There are 2 protein chains.
Amino acid sequence: MESTLLSRKDQIDQTATALFRTRGFAATSMRELASALGMEAGSIYSHIRSKEEILHRICFRLAEDFFSGFEEAAADEILPAATRLRRAVESHVRVLTADVAASAVFLHEWRHLSEPARTEFLALRERYEAGFRQLIGEGAASGELYAPDPIFAALTLLASLNWLPSWYRPGGPLAPIDIAHRLANQLLFGLEVRGNQK
Amino acid sequence: MESTLLSRKDQIDQTATALFRTRGFAATSMRELASALGMEAGSIYSHIRSKEEILHRICFRLAEDFFSGFEEAAADEILPAATRLRRAVESHVRVLTADVAASAVFLHEWRHLSEPARTEFLALRERYEAGFRQLIGEGAASGELYAPDPIFAALTLLASLNWLPSWYRPGGPLAPIDIAHRLANQLLFGLEVRGNQK
DNA sequence: TTTTCTTGCTAACGAACGTTAGGAAAGGTA
DNA sequence: TACCTTTCCTAACGTTCGTTAGCAAGAAAA
């Protein structure tokens with residue numbers, strides 16, 4: 001007996017996520033997906049409308065996760081910007097590590113969304129990144145952070161974080177929260193030794 | 001009259017690179033590529049052996065560029081490790097910005113190489129990353145760098161750099177060398193203000 | 001019991017895929 | 001002149017693609 005915790009539809013999403021991640025959306029056929037699920041290709045369409053619908057769900061579900069995590073981390077405007085930034089970084093890492101496969105799809109396969117979903121997705125991502133720019137900008141304005149170019153700094157910061165799904169394996173020696181702390185430290189303190197380090 | 005600076009084969013590579021970058025290797029058809037070149041699909045095979053051959057050339061050419069750049073930057077062992085690391089970062093950025101499209105393909109589309117090319121490619125990439133780990137490790141050992149986990153630090157560093165092709169546009173306000181300097185500074189000094197900043 | 005929902009099958013659809021065969025035009029070289 | 005190389009064409013090959021239609025078995029709901 002299979003795990004009945006997931007509906008068949010959720011099983012399809014999950015298996016598709018793994019395949020999309022390793023082989024890419026375009027290179028994953030419905031027959032491959034069906035085979036991985038132990039069924040025939042046509043049968044999948046009792047549960048979904050199209051292949052792209054699966055990708056759509058994966059991408060937009062993660063977008064929501066990132067947003068709600070950020071809200072919670074950065075909403076409290078009493079905290080210093082640097083602290084909120086650190087919390088936002090940790091939230092981002094938490095979402096990434098909670099489902100690495102889905103994160104990888106979210107990061108790389110969104111281009112295979114057709115319009116208007118693609119444009120909608122990019123708008124969401126842009127809003128999310130703007131949140132980070134805002135935090136870094138505030139921190140720079142208040143003198144907490146050294147960031148002569150907040151746009152540039154935000155790009156680099158998210159870049160470091162978003163590479164995580166390409167090497168992180170759940171169950172490794174580092175727990176997600178450890179990774180989050182290390183990343184935050186390295187990004188905020190840098191590599192070069194100057195003065196006291198945490 | 002077309003630009004005769006590039007052989008037809010090179011034109012194919014170049015056009016394919018742009019398409020592979022924006023649409024992905026699997027989602028780019030030979031008929032699309034042909035159409036972008038103003039010819040028919042079958043005609044391409046007068047110049048190449050297969051679609052994958054194009055991808056192979058793109059990926060391995062860039063691998064060579066990265067390697068030779070790194071050698072030149074980091075070979076001089078008289079220099080401090082931190083200096084060599086900075087030079088290696090700048091070299092990496094230079095290769096990335098010299099051909100952003102090819103870099104994006106190099107970074108994302110290598111999975112569509114079939115064996116044994118795929119394994120060979122990954123081995124090259126691993127060797128390259130090991131070079132960075134080595135530099136960071138040396139710097140940490142000599143006390144120049146603060147990097148309690150050189151493996152982790154190297155991953156983060158290359159992550160920040162490799163995100164560049166997803167936002168860099170040639171001809172923008174920042175010249176490649178400026179970007180290289182900023183990236184190196186941000187990665188080596190971090191964002192948090194402690195002591196004198198360059 | 002009857003009905004409905006879920007889940008899956010087989011078979012097939014038209015379209016698109018990478019690739020090949022065979023021929024032809026054009027230009028340089030001998 | 002004859003030959004070779006480069007370049008591109010048309011037409012088609014066998015395969016795979018996403019998707020649909022129609023049907024059937026079992027479980028759940030009425």
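Below, chains carry the letters A, B, ... as their sequence lines are ordered, and counting in each starts from 1. As the structure is a computational prediction, the values presented were derived from the model and not from experiment.
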| B:Glu126: what forms a salt bridge (Lys or Arg N to Asp or Glu O under 4.0 Å) with it, not counting sequence neighbours? | B:Arg133
| request: Identify the 5'-most and 3'-most nucleotides of DNA chain C with at least one atom closer than 4.0 Å to a non-hydrogen atom of chain A. | output: C:dT7 to C:dA12
| field | Side chain to side chain, A:Arg8 and A:Met39, heavy atoms closer than 4.5 Å | value | yes
| field | Nearest-nucleotide 5' precedence on DNA chain C, A:Met39 against A:Arg31 | value | A:Met39
| said: Dot-bracket, 5' to 3', for DNA chain D please: Watson-Crick or G-U pairs under 3.5 Å, [ ] where pairs cross earlier ones, | where the partner sits on another strand, dots elsewhere. | reply: .||||||||||||||||||||||||||||.
Looking at residues at least two apart in the chain, or sitting in another chain, which of them share a ring pair (Phe, Tyr, Trp, His ring centres under 6.0 Å) with [X]?
{"X": "B:Phe25", "value": "B:Phe20, B:His112"}
{"X": "A:Phe152", "value": "B:Trp167"}
{"X": "B:Phe67", "value": "B:Tyr128"}
{"X": "A:Trp163", "value": "none"}

| message | So B:Ser46, base contact, sugar-phosphate only, or nothing? Heavy-atom distance under 4.0 Å. | response | base
| said: So, taking the atom named CD1 in B:Ile48 and the one named CZ in B:Arg57, what distance separates them when rounded to the nearest 0.5 Å? | reply: 7.0 Å
| request: Would you give the length of the straight line joining atom CD of B:Gln14 to atom CD1 of B:Ile54, rounded to the nearest 0.5 angstrom? | output: 12.5 Å
| message | Do A:Thr156 and B:Ser160 pair up side chain to side chain, a donor and an acceptor below 3.5 Å, judged on atom types alone? | response | no
| request: Go through the side-chain N and O atoms of A:Glu52 and A:Ser114 and say whether any donor and acceptor fall under 3.5 Å apart. | output: yes
Residues 170-179 of chain A side chain polar contacts: donor-acceptor under 3.5 Å, at least two apart:
unit_1, atom_1, unit_2, atom_2, d
A:Asp178, OD2, A:Ala175, N, 3.3

| Nearest-nucleotide 5' precedence on DNA chain D, B:Lys9 against A:Phe25 | B:Lys9
| For residues 49-58 of chain A, which residues have at least one heavy atom under 4.0 Å from DNA chain D? | A:Ser50, A:Lys51
| task | Shoot me the first and last contacting nucleotide of DNA chain D against chain A, ordered 5' to 3', at under 4.0 angstrom to non-hydrogen atoms. | result | D:dC17 to D:dT20
| message | Considering only residues two or more places apart or on different chains, which pairs with a residue in residues 115-124 of chain B satisfy side-chain hydrogen bond (donor to acceptor under 3.5 Å, both in side chains)? | response | B:Glu115-B:Thr119
| said: Test of understanding: with side-chain contact (heavy atoms from CB on, under 4.5 Å), list the residues that count as partners of B:Thr22, not counting sequence neighbours. | reply: none
